[in-house]
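Working notes, structure below.
Only a predicted model underlies this, so the values are computations on that prediction, with no experimental measurement involved.
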Amino acid sequence: MSDTQTLRCKISDIGYAEAYIDDEGDVRLSMGGTSSHIYTDPAAFLAFAQRVCGSSAAINTDPVKVGDYVEVTKDRDWTSEDVGKRGCLLSIDSDDIPYEVDGVGYVMEVRRIDAPASSGRASLVTQARSALEGTAPSAADIIRLAEFLAG
């Protein structure tokens, strides 16, 4: 599994363009199954992305963690039905479909987003993860503590 960060842009009702850094460190643009080299320097691409997002926009490069509230950015190769769905990240495996998202199942790529204020469940998971920080908890540990916090 790669820790690839992807910048995704919707280009049609059913398609996306994605920019990412490949295994050789080059920035590539992928659309409809074709991939093209666009920058050799990831720092130049990051500067470009920050200009697109606005100079004050912070780009989060930290990898997602169990308990994060996430949005599915890439479903399994044969479908895109779960792209855009959101939920709490339950587990991360080391296979080609590594992310288990609550209410969605296993998907290929996710991005961390802010949990909605009305999501009591996600808030409990976040509280549980914070309380267990430094103890290397499993997803099951986090969920058990979140259930306990829920009463």
Notebook entry, point to check: Are the side chain of R76 and the backbone N or O of D82 linked by a donor-acceptor pair below 3.5 Å?
Noted result: no
Margin query: Could you measure the distance from the NZ atom of K74 to the CD atom of E109? Nearest 0.5 Å is fine.
Written below: 5.5 Å
Margin query: Using every non-hydrogen atom in the two residues, find where R86 and Y69 come nearest and quote the distance to one decimal.
Written below: CB-OH, 3.5 Å
Notebook entry, point to check: Who pairs with V66 by side chain to side chain contact (heavy atoms under 4.5 Å, CB included), at least two apart in sequence or on another chain?
Noted result: I92, A139, I142
Note to self: Minimum heavy-atom separation for K85 and V104, please, with both atom names.
What the structure shows: CB-CG2, 3.9 Å
Next item on the list: First locate atom CG of L132, then atom CG of L145, and finally report the distance between them rounded to the nearest 0.5 Å.
Entry: 5.0 Å
Next item on the list: Starting at CG of D93, measure out to OH of Y106 and round the result to the nearest 0.5 Å.
Entry: 4.5 Å
Item checked: D102: partners by side-chain hydrogen bond (donor to acceptor under 3.5 Å, both in side chains), with sequence neighbours left out -> R121
Next item on the list: Heavy atoms only: give me the nearest C88-G67 pair and the separation to one decimal.
Entry: SG-O, 3.6 Å
Notebook entry, point to check: With sequence neighbours left out, what residues match E100 under salt bridge (Lys or Arg N to Asp or Glu O under 4.0 Å)?
Noted result: none
Next item on the list: Could I get the full list of side chain to side chain contact (heavy atoms under 4.5 Å, CB included) partners for I143, not counting sequence neighbours?
Entry: L90, E147
Check: Mind checking what makes side-chain hydrogen bond (donor to acceptor under 3.5 Å, both in side chains) contact with Q127, not counting sequence neighbours?
Finding: S123
Check: Considering residues at least two apart in sequence or located in another chain, which fulfil the side chain to side chain contact (heavy atoms under 4.5 Å, CB included) criterion with A140?
Finding: S138, R144
Checklist line | Where R112 and K65 come nearest, the two heavy atoms and their spacing | finding: NH1-N, 4.1 Å
Check: Can you check whether V70 reaches I113 side chain to side chain, under 4.5 Å on heavy atoms?
Finding: no
